Amino acid sequence: MSIGPRVSRWLARHSQHDWLCLAEGPPVLSITFDDINASACTTGAALLEAFDCRGTFYVAGGLTDGSEQGRATHSVAQLRQLYANRHELGCHGWSHRRATALSLTELAAEVERNRRFLQEVSERDGPLDFAFPFGDYDYSTKCLCGRVYRSSRITGGGVHRGRADLNLLGSYRLYGTGQESERWQEFLRDLMPGCWGIVNTHGVEPDCGPYGVTPDMLRALIVQAQGAGCLVLPVGEAITHFRRRQGGG
């Protein structure tokens, strides 16, 4: 007997956990980019590097050398430059289709195709972190991705306190030119010792549209986070950081 999507998502939230203990210490902030618009590779990466920070860029290989909603997406050369500059390249599926719209066989094929693509880009084959396209997941897709990836990220619920489920990491949506600064400042105020906050956005440009962020907003976020004592780390480095703090190596 099949179960409905609401029950499947409930099961995903309440089972198949891979808990990471967030040991006491400075709060950690991870800044992530989905789809990877060209402006994220250039303006976004340069802003992070100006403050000696690095981000996680979740790549959908099928969007390479293309456009999304009229905005240019990344090139292979830009991805290689990100990797050379010590940013993290994560996986966002190949075709950027909702995971729940695919059969598990199709999803597994997308996972493998994007893994091979990122391996060719970076010339390495190590653990990968994943972001569900559109933040869409259910029990079956969480199980499959949990077997393949070091972590899997959704959207919403971006502050993790005390522990975090690596198979279903939340993120705060840093979207839109009209976003009031009080909203993301409140998000940062919630990052106390023993917390991990994750934000996600798309492009970084003055006219960023409904899913991107302006350069001024991203700069202000980084400045305020560092001023509050946050460590700004890519997702993979954040996981390593917390594991070391708890003595897990």
Side-chain angles (χ1 to χ4, degrees), residues 9-10 12-14 17-34 40 44 47-48 51-58 87-88 90 129-132 134-137 142 150-202 204 208 210-246 248:
R9 285 173 71 93
W10 185 92
R13 291 192 300 271
H14 292 89
H17 303 300
D18 181 9
W19 291 117
L20 174 69
C21 177
L22 307 182
E24 286 296 319
V28 174
L29 175 68
S30 295
I31 299 173
T32 70
F33 302 85
D34 293 356
L47 273 171
L48 287 166
F51 293 94
D52 197 24
C53 302
R54 299 297 185 271
T56 297
F57 292 75
Y58 290 109
H87 296 280
E88 179 187 12
D129 299 293
F130 176 68
F132 285 97
F134 306 100
D136 187 45
Y137 66 95
K142 180 185 181 183
R150 174 172 49 190
S151 71
S152 299
R153 201 218 72 207
I154 59 172
T155 53
V159 177
H160 305 275
R161 299 178 178 86
R163 65 179 185 174
D165 180 8
L166 293 179
N167 289 340
L168 211 65
L169 293 173
S171 65
Y172 172 81
R173 300 175 182 90
L174 190 69
Y175 294 174
T177 56
Q179 180 167 138
E180 306 243 349
S181 63
E182 289 82 359
R183 288 176 56 199
W184 60 258
Q185 288 173 355
E186 181 179 359
F187 166 81
L188 288 180
R189 285 194 294 271
D190 285 341
L191 296 185
M192 309 298 290
C195 287
W196 181 16
I198 304 173
V199 302
N200 82 287
T201 192
H202 292 79
V204 185
C208 63
Y211 303 110
V213 65
T214 66
D216 287 344
M217 189 186 302
L218 181 58
R219 182 184 298 107
L221 175 82
I222 297 168
V223 168
Q224 185 159 324
Q226 290 187 327
C230 290
L231 301 177
V232 181
L233 301 173
V235 169
E237 288 188 23
I239 293 169
T240 299
H241 165 80
F242 284 117
R243 284 178 172 162
R244 285 175 176 165
R245 288 196 63 85
Q246 63 176 308

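Source: prediction; values computed, not measured. These numbers come from the heavy atoms of this one structure, side chains and all, not from hydrogens, waters or symmetry mates.
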Asks: Side chains of Leu231 and Leu29: does their closest heavy-atom pair fall under 4.5 Å?
Replies: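 When only atoms from C-beta onward are counted, Leu29 and Leu231 do not touch, as no gap falls below 4.5 Å.
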Asks: Could you pull out all residues at least two apart from Arg219 that satisfy salt bridge (Lys or Arg N to Asp or Glu O under 4.0 Å)?
Replies: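 Testing Arg219 for salt bridge (Lys or Arg N to Asp or Glu O under 4.0 Å), a comparison that skips the adjacent residues, returns Asp216.
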Asks: More than 12 heavy atoms of other residues, nucleotides or ligands under 6.0 Å from OH of Tyr211: is that the case?
Replies: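 Counting neighbours around OH of Tyr211, 12 or fewer heavy atoms of other residues, nucleotides or ligands fall under 6.0 Å, so no.
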Asks: What's the verdict on side-chain contact (heavy atoms from CB on, under 4.5 Å) for Leu169 and Ile198, showing C-alpha distance, side-chain angles and the deciding distance?
Replies: CA-CA 8 Å; Leu169 293 173; Ile198 304 173; 4.1 Å; yes
Asks: Just to verify, what does Ser171 make a side-chain hydrogen bond (donor to acceptor under 3.5 Å, both in side chains) with, not counting sequence neighbours?
Replies: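 Partners of Ser171 under the side-chain hydrogen bond (donor to acceptor under 3.5 Å, both in side chains) test: Arg153, Asn200.
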Asks: The criterion is side-chain contact (heavy atoms from CB on, under 4.5 Å); which residues satisfy it with Asn167, sequence neighbours excluded?
Replies: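 Listed in chain order: Asp18, Lys142, Asp165.
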Asks: Does the pair Thr32 and Val199 meet the rule for a side-chain contact (heavy atoms from CB on, under 4.5 Å), with working shown?
Replies: CA-CA 6 Å; Thr32 70; Val199 302; 5.7 Å; no
Asks: Under the side-chain contact (heavy atoms from CB on, under 4.5 Å) rule, collect the residues that match up with Glu24, sequence neighbours excluded.
Replies: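 Partners of Glu24 by the side-chain contact (heavy atoms from CB on, under 4.5 Å) criterion, ordered by chain and then number, come out as Pro193.
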Asks: Quick check against the 3.5 Å criterion: does His160 have a side-chain atom that pairs as donor or acceptor with the backbone of Gly197?
Replies: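 The answer is no, because no donor-acceptor pair under 3.5 Å joins these two groups.
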Asks: Can you name the ring pair (Phe, Tyr, Trp, His ring centres under 6.0 Å) partners of Tyr137, sequence neighbours left out?
Replies: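 So Tyr137 forms no ring pair (Phe, Tyr, Trp, His ring centres under 6.0 Å) with any residue.
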Asks: Could you tell me which residues satisfy side-chain contact (heavy atoms from CB on, under 4.5 Å) with Glu237, sequence neighbours excluded, listed by chain and number?
Replies: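 For Glu237 the side-chain contact (heavy atoms from CB on, under 4.5 Å) partners, ignoring immediate neighbours, are Leu233, Pro234.
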Asks: Got a sec, which residues hit side-chain contact (heavy atoms from CB on, under 4.5 Å) with Arg189, two or more places apart in sequence or on another chain?
Replies: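 For Arg189 the side-chain contact (heavy atoms from CB on, under 4.5 Å) partners, ignoring immediate neighbours, are Gln185, Glu186.
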Asks: Check whether any side-chain heavy atom of Val223 lies under 4.5 Å from a side-chain heavy atom of Phe51, and answer yes or no.
Replies: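 Yes; the side chains approach each other to less than 4.5 Å.
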Asks: Distance from Asp34 atom CG to Arg173 atom CZ, nearest 0.5 Å?
Replies: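 Between atom CG of Asp34 and atom CZ of Arg173 there are 10.5 Å.
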Asks: Is the distance between the ring centroids of Phe242 and Trp196 under 6.0 Å?
Replies: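 Yes; Phe242 has its ring centre under 6.0 Å from that of Trp196.
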Asks: Whether the side chain of Gln224 engages the backbone of Leu188 through a donor-acceptor N/O pair (distance < 3.5 Å, no angle test) should be reported.
Replies: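 No, Gln224 side chain to Leu188 backbone: no donor-acceptor pair under 3.5 Å.
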Asks: Identify, with sequence neighbours excluded, every residue that meets side-chain hydrogen bond (donor to acceptor under 3.5 Å, both in side chains) alongside Thr201.
Replies: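 Expected list: none.
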Asks: Output, in order, the C-alpha distance, side-chain angles, deciding distance and verdict of side-chain contact (heavy atoms from CB on, under 4.5 Å) for Thr155 and Phe132.
Replies: CA-CA 8 Å; Thr155 53; Phe132 285 97; over 6 Å; no
Asks: Name all residues meeting the ring pair (Phe, Tyr, Trp, His ring centres under 6.0 Å) criterion together with Phe57; count only those two or more places apart in sequence or in a different chain, and write none if there are none.
Replies: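 Per chain and number, Phe57 pairs via ring pair (Phe, Tyr, Trp, His ring centres under 6.0 Å) with Phe33, His87.
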Asks: In terms of relative ring orientation, are Trp10 and His14 parallel, tilted or perpendicular, with 30° and 60° separating the classes?
Replies: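 Ring orientation of Trp10 relative to His14: parallel.
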Asks: Going by salt bridge (Lys or Arg N to Asp or Glu O under 4.0 Å), name the residues that satisfy it together with Arg9, two or more places apart in sequence or in a different chain.
Replies: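 Salt bridge (Lys or Arg N to Asp or Glu O under 4.0 Å) check on Arg9 returns Asp136.
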Asks: With Ser30 as reference, evaluate Asp129, Val235, Thr56 under the side chain to side chain contact (heavy atoms under 4.5 Å, CB included) test and give the passing residue.
Replies: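 One option only clears the test, and that one is Val235.
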Asks: Apply ring pair (Phe, Tyr, Trp, His ring centres under 6.0 Å) to Phe134 and list each qualifying residue two or more places apart in sequence or on a separate chain.
Replies: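 With sequence neighbours excluded, Phe134 shows a ring pair (Phe, Tyr, Trp, His ring centres under 6.0 Å) to His96, given in chain and number order.
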Asks: Is there a side-chain contact (heavy atoms from CB on, under 4.5 Å) between Leu218 and Ile31? Walk through the geometry before answering.
Replies: CA-CA 9 Å; Leu218 181 58; Ile31 299 173; 4.2 Å; yes
Asks: Any non-hydrogen side-chain atom of Arg163 less than 4.5 Å from a side-chain atom of Leu20?
Replies: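 Answer no - side chains too far apart.
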